[in-house]
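Below is one structure, written out as structure tokens, with a few remarks after it.
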Amino acid sequence: MAITYPLSLPTSIGMANIEFTATNVVAVSQSPFTLEQQILQYPGQGWSVNVTLPAQQRDLMEPWIAFLLSLQGPVGTFVLGDPNGKTPLGVGGGTPLVNGGSQTGNSLNIDGCPISTTNWLKAGDYVQVRTGSSRTLHKVLTDVTTNASGQATLDIWPKLRSAPADNASIVITNAAGIFRLSNPQTTWSIDNATKYGISFTATEAI
């Protein structure tokens with residue numbers, strides 16, 4: 001059977017540790033005489049992760065090795081979210097959708113939320129914009145309260161790089177993005193010929 005990207009993570013064992021890095025592309029210059037700074041912000045914003053699996057026996061680790069090899073280094077893509085952020089800290093609920101086309105940047109108008117709800121989402125919650133291979137993962141930066149029409153504006157990071165279609169899906173449970181391996185090499189270790197160790201780094205597929 002042909003391998004189709006993006007792949008889903010193996011379920012044989014969970015992660016021991018995942019480290020998220022949020023990168024903003026910013027140029028900084030500073031005068032050596034006055035120490036005055038000049039800041040130039042570029043459009044680039046994106047995720048990267050470092051993942052470590054717990055040392056386990058071969059039968060639990062081989063699905064992960066096969067998964068990593070199937071990606072062929074940075075060629076293939078996979079779906080990844082924060083395993084500790086699968087459900088929102090806010091009230092949640094509803095069927096949120098993009099409210100209006102041509103939206104880009106760090107804010108997004110949505111509708112389809114529960115009406116007049118304080119803390120529908122809390123700062124730090126995740127949202128996923130779109131589904132399938134075009135999905136993107138974002139963090140909510142401020143608490144969100146919906147209006148009497150079930151509408152709200154989300155302040156998000158990273159910014160929307162392209163405008164989602166009007167009524168595109170907004171996912172608030174099990175939100176995830178698309179990532180690719182940072183390294184063309186796949187490495188695993190075997191401790192005393194019994195337990196396997198795996199770690200890898202990945203960046204958001206942009």
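The chain is numbered in sequence order, starting from 1.
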Apply side-chain hydrogen bond (donor to acceptor under 3.5 Å, both in side chains) to the pair Thr153 and Asn109, showing each step before the final yes or no.
CA-CA 4 Å; Thr153 298; Asn109 296 321; 2.7 Å; yes

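Listed by chain and number, the hydrophobic cluster partners of Ile39 are Val26, Val28, where partners are ILVMFWY side chains within reach of under 4.5 Å, directly or through others. Summarising the hydrophobic clusters (Ile, Leu, Val, Met, Phe, Trp, Tyr; side-chain heavy atoms under 4.5 Å, direct or chained), the residues clustered with Val25 are Leu40, Tyr42.
Within 6.0 Å of CG on Asn17 lie more than 12 heavy atoms contributed by other residues, nucleotides or ligands. By the neighbour-count criterion of 12 heavy atoms within 6.0 Å, atom CG of Leu69 is densely surrounded, having more than that number from other residues, nucleotides or ligands.
Residues meeting the salt bridge (Lys or Arg N to Asp or Glu O under 4.0 Å) test with Arg130, sequence neighbours left out: none. Listed by chain and number, the residues in a ring pair (Phe, Tyr, Trp, His ring centres under 6.0 Å) with Phe78 are Phe67 (sequence neighbours excluded). The ring pair (Phe, Tyr, Trp, His ring centres under 6.0 Å) search around Tyr5 returns none, not counting sequence neighbours. With sequence neighbours left out, Asp155 forms a side chain to side chain contact (heavy atoms under 4.5 Å, CB included) with Ser107, Leu141, Thr142. Asn167 meets the side chain to side chain donor-acceptor pair (under 3.5 Å) test with no other residue; sequence neighbours excluded. Applying the salt bridge (Lys or Arg N to Asp or Glu O under 4.0 Å) rule to Asp143 yields the partners Lys122; only residues at least two apart in sequence or on another chain are considered. Here Trp120 pairs with nothing under the ring pair (Phe, Tyr, Trp, His ring centres under 6.0 Å) rule; sequence neighbours left out.
Residue pairs meeting the salt bridge (charged side-chain N to carboxylate O under 4.0 Å, His left out) criterion with at least one member in residues 186-206, sequence neighbours excluded: Arg161-Glu204. For residues 163-173, there are no salt bridge (charged side-chain N to carboxylate O under 4.0 Å, His left out) pairs, not counting sequence neighbours. The stretch residues 41-55 participates, sequence neighbours left out, in no salt bridge (charged side-chain N to carboxylate O under 4.0 Å, His left out) pair at all.
Listed for the Gln103 side chain is a donor-acceptor partner under 3.5 Å among the backbone atoms of Asn99. Put simply, the side chain of Gln128 gets close to the backbone of Ala176: a donor and an acceptor are under 3.5 Å apart. Not a single donor-acceptor pair under 3.5 Å links the side chain of Ser149 to the backbone N or O of Gln151. The backbone N or O of Val91 sits nowhere less than 3.5 Å from a side-chain atom of Asn119 that would complete a donor-acceptor pair. Checking side-chain atoms of Lys139 against main-chain N and O of Trp157 turns up no donor-acceptor pair under 3.5 Å. In this structure, the side chain of His138 engages the main chain of Pro158 through a donor-acceptor pair within 3.5 Å.
Separating the CD1 atom in Ile170 from the CG atom in Leu108 is a distance of 5.0 Å, to the nearest 0.5 Å. Remark: Thr11 OG1 to Trp64 CH2 distance equals 9.5 Å, nearest 0.5 Å. Distance check, rounded to the nearest 0.5 Å: CD1 of Ile110 to CG of Leu154 gives 4.0 Å.
In this structure, Thr104 and Lys159 have side chains that are not in contact, with every pair of non-hydrogen atoms separated by 4.5 Å or more. Within the 4.5 Å cutoff, side-chain heavy atoms of Ile65 are placed close to those of Tyr196.
In plain terms, the two heavy atoms of Ile13 and Pro54 that are nearest each other are CD1-CG, 3.3 Å. Smallest separation of non-hydrogen atoms from Leu7 and Ile3: CD2-CG2, 3.7 Å.
Between Trp47 and Phe20, the ring centre distance stays below 6.0 Å.
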